[in-house]
Amino acid sequence: MDNKLQFVDLAASHGTRVHKPGVEHFEYSYKAEITNLYSLTATEKLYQIQIVDPGERKKFTFLPGQFVMLELPGIGEAPFSISSSAIRHGDLEFCIRGVGKMTNFLNRVKRGTTVGISGPFGTHFPVENMAGSDILLIAGGLGIVPLRSPLMSVLENRSSYGRVDIIYGAREPLELLFTYQYEMWKQFDINLEIIVDKGDDKWSGPVGLITEILQARIDNGTANDFRKNTYAIVCGPPVMFKFVCEMLTRAGLPMEKMFVSLERRMHCGRGKCCRCNVGSTYTCLEGPVFDYWTVLNLKEAI
Amino acid sequence: MIFKVFQASEIATLFELLSVNRIVGPIEKGRDVNDSPLYDFDVVYDFKDLALDYGQTIHSAKNYFLPYRENLCTFTFEDDAWEKDVDFGAYEAHVFFGLHPCDINALNKLDKVLMGNNYPNPFYGAKRSNMFIVGHSCTPTPSCFCHSMGSDSALSGFDLFLTLMEDEYFAEIQSSRAYHILENMETREATHRDHLLFRKASSRKRSLFKCEVDTSDLTKILDMEFESEVWRKWGGKCLSCGTCANVCPTCYCYGVEEEVNMDFSHASKVKQLYSCNLLDFAQVSGGHNFRPESSTRLKYRYYHKHRGFVEAYEESLCVGCGRCGNACLAGITVPEVIASVRGGEK
Ligand SMILES: Cc1cc2nc3c(=O)[nH]c(=O)nc-3n(C[C@H](O)[C@H](O)[C@H](O)COP(=O)(O)OP(=O)(O)OC[C@H]3O[C@@H](n4cnc5c(N)ncnc54)[C@H](O)[C@@H]3O)c2cc1C
Ligand code: SF4
Ligand code: SF4
Ligand code: FES
């Protein structure tokens, strides 16, 4: 008898280009083109990136708050939040800060460069459950980037939501992102309050910390009904969302109605490399969007 | 399950029958200062080299199904365009001859993470689907604590499991492939006496453990003791070298890097097994490190294995093979760490 064990070919596409969904989809990336890119500030650029194949582009769906792994072949791959509207499918926007090897390389590429995109990955902000309620969006620094996608979704369905407020803080006026869109947001009856740590000659707005604006609003008492009818999305550095979420909790906002997006190192986005673990929770699978109750229960989250 | 019995000496025949395939098994690699043999898994070409009476190998066999370094894809550049090629890196079936229950259980645990519902990993899956496993009974070494972790017996995840009883092997057959291979050998049906002998062999094994871990309420205790001083004590000893993850049969975390070749015609994306004890494991761009102290990294390793995995799968990710403790230059062992975290209960 022949005792040679038969080779089991797990993926029929073994050794060839991988195009099929299923297990062989693991390393699959959509080819996507950087159709446009421009500087928003000295360190951040906006990238408009379109999945090249029209069929794939249309089929690509995501929910606000999810991220993709963006790959520059030979340079690196890293997670980025999708910052565009979900109704635009695979016609995506990202706002990326140059901080390291891959992001600084991205900073230098030309319009027309082809990159790889895989995903979308992770959890999302449950904007659908927020219908009928007031929404408070609080962003610190780059935190406005993941907030922009749920914001778009609110704008697109403005009548489904009550009062919508944005409180946005940055270190200095020159670091403010999406300045060209503020007027448009206001036309949707969005109340936008901006505060900077340090003003400049041209700055006439408030100077201080986000928490000061929030405290004034809580003390005022008329603006939001935190106990009943409000959802909050808080994005920013860990210290910031910790303070903000604690304040909101004290003001009566239930912890399960407060959402944050955590940032961790990620090398796969698929629950395999463990780099993103907080305590023992995978940020890429069970996050990046968590409600505050869950975050409080995660060891070493903040 | 089907049970058979065959003469202990017949195992050489089994090896010969399987040797048309590549066989990986325990072999003696050298001797330590006390002239005790050091074992590791390697490709075995000759039955004489197969050290079935090994205590524990230094490394697990994971390099064969979870390679330390693996190509995830290759990019080919042409002008401004690129193509991506993916090869899961499995080309032939391998026989694993002589795995102990701990290592079979380790594979079953890895399957849960790597072949479960969330993004099953085809690089692992392709190799895992091509493993023919012949398990072998063992005698606990002084550092083994698999019985505490519920991993001292393999219930599934093998083709054939052989338990040595007196001068015969008791064979548990779990696949038709294994059944058909045994048809080429002299075997007999297992009798009631054999069943009793098998049980005797198991209970003898259980009586030989010298090392124990109390896992009762461990997930909760780890939560309670998250800020405990003992972590700082162990962290102070830990060299953050990552050896523990390197030898562990269930450590699977990794890092990814891309490399471009000299003439810029190709690039590859390479996965390298990592260790959560290494300094930059949780460091993000801008320099912020979520676990800057060796104590927080060491603690995380225990949390993942003994708490997080238990929460997710109702079993620990540690099989109690004792390898990390044997290999650790700082002498950090799982039983001691857990006992100290539990602290003076007794
Ligand atoms: C869910 C999520 C969403 C994100 N969204 C955005 C965004 O919209 N805009 C933006 O500018 N940045 C975002 N980041 C951060 C971004 O991923 C890092 O800036 C980027 O990984 C840095 O890569 P680099 O090669 O330039 O840096 P290097 O420091 O050279 O990175 C080397 C390696 O470290 C890893 N790494 C380093 N920092 C991080 C980090 N913060 N998170 C994850 N992996 C890291 C990378 O995977 C890379 O392999 C996000 C991170 C996460 C986890
Ligand atoms: S526990 Fe031991 S083996 Fe593991 S990293 Fe620390 S010193 Fe190295
Ligand atoms: S943690 Fe140590 S004892 Fe547990 S399975 Fe890994 S190497 Fe073996
Ligand atoms: S990013 Fe790899 S496990 Fe989450």
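Treat the numbers as computed from the prediction; the structure is a model and nothing was measured. Lettering of chains follows the sequences in order, A, B, ..., and the numbering in each one begins at 1. These values consider heavy atoms only, across backbone and side chains, with no hydrogens, waters or symmetry-generated copies.
Taking every heavy atom of both residues into account, B/Tyr254 and A/Cys268 meet most closely at OH-CB, 3.3 Å. Among all heavy-atom pairs drawn from B/Lys84 and A/Ser29, the shortest one is NZ-OG, 2.9 Å. Of all heavy-atom pairs between B/Val113 and A/Gly271, the closest is CG1-O, 4.0 Å.
A donor-acceptor distance shorter than 3.5 angstrom exists from the side chain of A/Lys31 to the backbone of B/Trp82, with no hydrogens or angles considered. A donor-acceptor pair is defined here as one N or O able to donate and one able to accept, closer than 3.5 Å; no such pair exists between the side chain of A/Arg275 and the backbone of B/Ala282.
Within 6.0 Å of CZ on B/Phe47 lie more than 12 heavy atoms contributed by other residues, nucleotides or ligands. Within 6.0 Å of OH in B/Tyr179 there are 12 or fewer heavy atoms belonging to other residues, nucleotides or ligands. B/Glu92 CD: more than 12 foreign heavy atoms inside a 6.0 Å radius.
Of the atoms belonging to B/Phe75, it is side-chain heavy atoms, and not backbone ones, that fall under 4.5 Å from chain A. Both the backbone and the side chain of B/Gln283 come within contact range of chain A, with heavy atoms under 4.5 Å apart. Contact of A/Glu77 with chain B is made through backbone and side chain together, with heavy-atom distances under 4.5 Å. For B/Phe281, the parts lying near chain A are the backbone and the side chain together; criterion is any non-hydrogen pair under 4.5 Å.
Top candidate by heavy-atom pairs under 4.5 Å with chain A, chosen from B/Cys253, B/Gly116, B/Ala267, is B/Cys253. With respect to chain A, the highest number of heavy-atom pairs below 4.5 Å among B/Val20, B/Leu17, B/Asn21, B/Val256 belongs to B/Asn21. Between chain A and the residues B/Phe309, B/Phe264, B/Phe132, B/Tyr300, the largest count of heavy-atom pairs under 4.5 Å involves B/Tyr300. Ranked by heavy-atom pairs shorter than 4.5 Å toward chain A, the options B/Arg291, B/His288, B/Lys305 are led by B/Arg291. Comparing B/Asp223, B/Thr296, B/Val260, B/Asp80 by heavy-atom pairs within less than 4.5 Å of chain A, the highest count is held by B/Asp223. Note: A/Pro73 leads A/Cys276, A/Pro73, A/Gly74 in heavy-atom pairs under 4.5 Å with chain B. Ranked by heavy-atom pairs under 4.5 Å with chain A, the first of B/Glu311, B/Lys269, B/Arg307 is B/Lys269. Residue with the most contacts toward chain B among A/Lys272, A/Arg270, A/His267: A/Lys272 (heavy-atom pairs, distance under 4.5 Å).
Contacts from residues 97-113 of chain A to chain B, taken as heavy-atom pairs separated by less than 4.5 Å, involve A/Val99, A/Lys101 in sequence order.
A 4.5 Å side-chain heavy-atom check between B/Phe123 and A/Glu27 finds at least one atom pair inside the cut-off. For the pair A/Phe26/B/Val86, no side-chain contact is recorded, criterion being any heavy-atom separation below 4.5 Å from C-beta on. A 4.5 Å side-chain heavy-atom check between A/Leu262 and B/Phe290 finds every atom pair outside the cut-off.
A/Phe67 meets the ring pair (Phe, Tyr, Trp, His ring centres under 6.0 Å) test with A/Phe121; sequence neighbours excluded.
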